[in-house]
> 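Sharing a structure with you now.
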Amino acid sequence: MTTPHYIDGRWVEGQGNDCITVHEPALGLPFAELMSASTAQVDQAVAAARRALPAWKHTSAAARAALLRGFAEQLGARRDPLIALQMRNNGKPRHEAEIDLDDAVATFAYYADLAEQLPEKNRDVPLAVPGFSARTRLEPVGVVGLIVPWNFPLVTSAWKLAPALAAGCTVVLKPSEVTPLIEQAYGQIADVLGLPAGVLNIVNGKAETGAALSSHSGLEKLSFTGSNGVGSQVMRASAAQCRPVTLELGGKSAIVVFDDCDVEQAVQWIIAGITWNAGQMCSATSRLLVQDGIADALLARLQAALETMQVGNPLTEEVQMGPLTSQAQWLKVAGYFATAREEGLQCLAGGKVLDRDGWFVSPTLYVDVPEHSRLWLEEIFGPVLCARRFSTEQQAIAQANDSRFGLVATVCSAELQRAERVADALEVGHVWINSVQAVFVETSWGGTKGSGIGRELGPWGLAAYQSVKHVTRCLG
Ligand code: NAD
């Protein structure tokens, strides 16, 4: 049992109703337990954040920047244990866990830089009408609730915490019940740095704790990353209070491969887009659209590459892909394998769970998947790729855009002008050309259509935690 809740600068035991069991997915075995936070403890966390807000928002931007740099440094100092914990609890291969850590460090360093530039942004506004002047102030939104999922716990939380603290907001973070230990690092770092009590609070729990936070009347904003189903509940709870939300939701994204591509290179991009984090990415490019001229050669090579992938326990074996992170996710993906059999889909690789302990599935390829198939339409959140062929650029764009989601896409072509044209036509928040899943902190993250509301990262990520105020004076 651990004491997992960080409220008002103190570590406390949970008084909630749920016992949370933390698992090692490569073995399917538990390794830690904790009690969830009670609704009263969520109240305490929000109250602490409210008390801390007046002083924190008047802290100099330079002081906030220094603390954010401290977070980056302290994450670096905890590098080895945090990588080991992500490998154990998420089942991530080592190099993926390392990239997550580096991403979180870069996020805090970037928002430290942006925080330092904040005073310059209190600028005069040129007015066309004489006799008046005006200036812009960017103020913190206030107390913010942050609810995150389990697939990239360090990263998703960093993308919210760093800009929120940079803007001068105080926060209550609720990590996922699947990975509740990883974000405790942020509370430990707050302790080491002497972050004022109440600026950062962490409450762990399941849906009940999340709902207590998302419906709390003491918040000015809620930022949520997770599934569409829960996202719409969070939005309803916020609508009841008429307060803003940022929603980072699901995806069913396309990778479009034109026939002027090098087959080997394209196969590498396709595999990375569907097997990184065992496919448990909102941005997984799980729909392959391949042009007729290259389709047979590419699908044959892809089949061979997926069938020979090394899948196993990242802690004890050399692996390219680990297990799924939770038993629930493993059962969900297995359910899609059953649906594929019922639908009569043509399976070129995988399509089954592995016959070993732990929550493993084979990297999977279905081809010529009908547009009405559930596997073509729904987010699976596993290493399951569905392929269709196209002949013209317009067909590729139409098939990629025919989705209720709009998170990301990848375009692969030797003809850069065409790739840029297709990128412009895709109805998504981020497009990669001849690269895959490369997220830089300077660029934005977020989706169109059912993939969410708002943007994280870059200056847009900071703006999500700022309120615009103008002061206009009469000069007469
Ligand atoms: P989830 O929606 O089940 O849970 C997300 C968080 O919400 C968890 O902390 C959970 O405890 C909490 N929660 C559950 N019920 C709640 C309720 N009623 N009220 C408030 N909070 C509640 O999602 P998940 O399974 O943890 O994550 C997978 C999903 O997240 C996928 O759909 C994936 O696409 C999405 N995701 C999106 C992005 C993005 O940037 N767009 C990034 C990562 C994951």
> To the nearest 0.5 Å, what is the distance between CD on Glu393 and CD on Glu415?
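It comes to 8.0 Å.
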> Do any N or O atoms from the side chain of Thr364 and from the backbone of Ser362 form a donor-acceptor pair under 3.5 angstrom?
yes
> Walk me through whether Thr325 and Gln329 qualify under side chain to side chain donor-acceptor pair (under 3.5 Å).
CA-CA 7 Å; Thr325 299; Gln329 197 55 37; over 6 Å; no
> Could you tell me whether Lys332 and Glu378 have a side-chain N and a carboxylate O separated by less than 4.0 Å?
no
> Which atom pair, heavy atoms only, marks the closest approach of Leu200 to Phe71?
CD2-CZ, 4.2 Å
> I need the single residue from Trp150, Tyr336, Trp330 that forms a ring-ring contact (aromatic ring centres under 6.0 Å, His included) with Phe381. Which is it?
Trp150
> Distance check, rounded to the nearest 0.5 Å: Met35 atom CE versus Ile20 atom CD1?
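Reported value, rounded in 0.5 Å steps: 8.5 Å.
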> Side chain to side chain donor-acceptor pair (under 3.5 Å), that's the test. Do Thr107 and Asp103 meet it? Break it down for me.
CA-CA 6 Å; Thr107 303; Asp103 187 324; 3.2 Å; yes
> Do the side chain of Trp376 and the main chain of Cys386 share a donor and acceptor less than 3.5 angstrom apart?
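No, Trp376 side chain to Cys386 backbone: no donor-acceptor pair under 3.5 Å.
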> Which atom pair, heavy atoms only, marks the closest approach of Glu371 to Asp402?
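Reported closest heavy-atom pair: OE2-OD2, 4.2 Å.
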> What about the rings of Phe108 and Tyr186, do their centers lie closer together than 6.0 Å?
yes
> To the nearest 0.5 Å, what is the distance between CG on Leu118 and CG on Asp113?
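Rounded to the nearest 0.5 Å, the CG-CG separation comes to 11.5 Å.
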> Kindly determine whether Ser283 and Gln437 satisfy side chain to side chain donor-acceptor pair (under 3.5 Å), including the steps that lead there.
CA-CA 7 Å; Ser283 55; Gln437 304 290 333; 2.7 Å; yes
> If you measure from CZ on Arg64 to CG on Leu114, what distance do you get to the nearest 0.5 Å?
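Spacing of CZ (Arg64) from CG (Leu114) equals 12.0 Å.
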> Say you draw a straight line from CG of Leu67 to CD of Gln74; how long is it, rounded to the nearest 0.5 Å?
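Interatomic distance, Leu67 CG to Gln74 CD, rounded to 0.5 Å: 11.0 Å.
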> Taking the basic N atoms (NZ, or NE/NH1/NH2) and the acidic carboxylate oxygens, is any pair closer than 4.0 Å for Arg389 and Asp259?
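No, Arg389 and Asp259 are not salt-bridged.
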> Do any N or O atoms from the side chain of Gln320 and from the backbone of Gln310 form a donor-acceptor pair under 3.5 angstrom?
yes
> Return yes if some donor-acceptor pair links the side-chain N/O of Ser36 with the main-chain N/O of Gly205 below 3.5 Å, else return no.
no
> Does Gln395 form a side-chain contact (heavy atoms from CB on, under 4.5 Å) with Arg388? I'd like the steps, not just the answer.
CA-CA 11 Å; Gln395 279 175 353; Arg388 289 178 61 83; over 6 Å; no
> Does Ser232 reach the main-chain N or O of Gly229 with its side chain, forming a donor-acceptor pair under 3.5 Å?
yes
> Determine the sole option in Asn89, Asn90, Val148 for which the side chain to side chain contact (heavy atoms under 4.5 Å, CB included) test with Pro153 is passed.
Asn90
> If we ignore hydrogens and angles and just use 3.5 Å, is the side chain of Asn277 paired with the main-chain N or O of Ala284 as donor and acceptor?
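The answer is no, because no donor-acceptor pair under 3.5 Å joins these two groups.
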> Nearest heavy-atom pair of Gly351 and Tyr366: which atoms, and what distance?
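Distance-wise, the nearest heavy atoms are CA-OH, 3.8 Å.
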> Within 45 degrees of the axis of the six-membered ring of Tyr465 and under 6.0 Å from its centre: does Lys160 put its NZ or CZ there?
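No; the conditions do not both hold, so Lys160 does not lie above the ring face of Tyr465.
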> Write down the atom of Thr246, the atom of Ala464, and the distance for their closest heavy-atom approach.
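Shortest heavy-atom separation between Thr246 and Ala464 comes out as OG1-CB, 4.2 Å.
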> Rounded to the nearest 0.5 Å, how far apart are CD of Gln280 and CD1 of Ile380?
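That separation rounds to 12.5 Å.
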